Amino acid sequence: MTMLRRLVALTVVVLIGHAGWKIGPVYLSYFEFKTRLEEIARFSADRSEAEIQTLALTAAKKLELPVTAQDVRVRKVGDHTYIDVAYRQALEVLPRYQYPQDFAINVQALQSRVRLGDVR
């Protein structure tokens, strides 16, 4: 009986470790993408909505996220920029079992005209 419990406990630990190994990078990419979108929105004063969307798509592509142009919505209202992104990505919860997870990012930033070289 004790051997069976150890085997079950080991199996559970291995499955939890596998899930963490597969799911962790997906969430790290999500947070990195959100940070990049915040930067894009913050420094968007001289850019059009189409240019901002292109920058967002480029950031998603670098992170290998399944984001398309239809998933990105950009609005400039006054001196604020809003970027909304919604996408779906598969998470491998168990070996060979994937669960589709919906991700949504809503970024709002006050536009800044300060560029990196402008600060003394």
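All values derive from a computational prediction rather than experimental measurement.
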Glu51 backbone acceptor or donor facing Ser48 side chain under 3.5 Å: yes

query: Quick one: does Glu49's side chain have a donor or acceptor within less than 3.5 Å of a partner on Lys76's backbone?
result: yes

- request: Hey, can you tell me if Phe103 and Tyr27 have their rings parallel, tilted or perpendicular (30° and 60° cut-offs)?
  value: perpendicular

field: Shared hydrophobic cluster for Ile105 and Leu28 (ILVMFWY, side-chain gaps under 4.5 Å)
entry: no

- request: Apply salt bridge (charged side-chain N to carboxylate O under 4.0 Å, His left out) to the pair Arg88 and Asp71, showing each step before the final yes or no.
  value: CA-CA 10 Å; Arg88 178 174 282 187; Asp71 299 329; over 6 Å; no

task: Give a yes or no on whether the backbone of Leu57 and the side-chain of Lys62 come within a donor-acceptor separation of less than 3.5 Å.
output: no

- request: Consider only side-chain heavy atoms of I, L, V, M, F, W and Y, link residues closer than 4.5 Å, and tell whether Tyr82 and Val107 are in one cluster.
  value: no

query: In terms of hydrophobic clusters joined by side-chain contacts under 4.5 Å, are Val77 and Ile52 together?
result: no

- prompt: What do the steps show when you test Val67 against Lys61 for side chain to side chain contact (heavy atoms under 4.5 Å, CB included), and what is the final call?
  reply: CA-CA 8 Å; Val67 177; Lys61 184 176 181 180; over 6 Å; no

- request: Look only at the side chain of Gln53 and the backbone of Ala69, and say whether a donor-acceptor pair between them is shorter than 3.5 Å.
  value: yes

- prompt: Does Gln89 use its side chain to pair, donor to acceptor, with the backbone of Gln101 at less than 3.5 Å?
  reply: no

Same cluster (ILVMFWY, side-chain, under 4.5 Å), Leu65 and Phe31: yes

task: For residues 24-36, pull every pair meeting salt bridge (charged side-chain N to carboxylate O under 4.0 Å, His left out), keeping only residues two or more places apart or in separate chains.
output: Glu32-Arg36

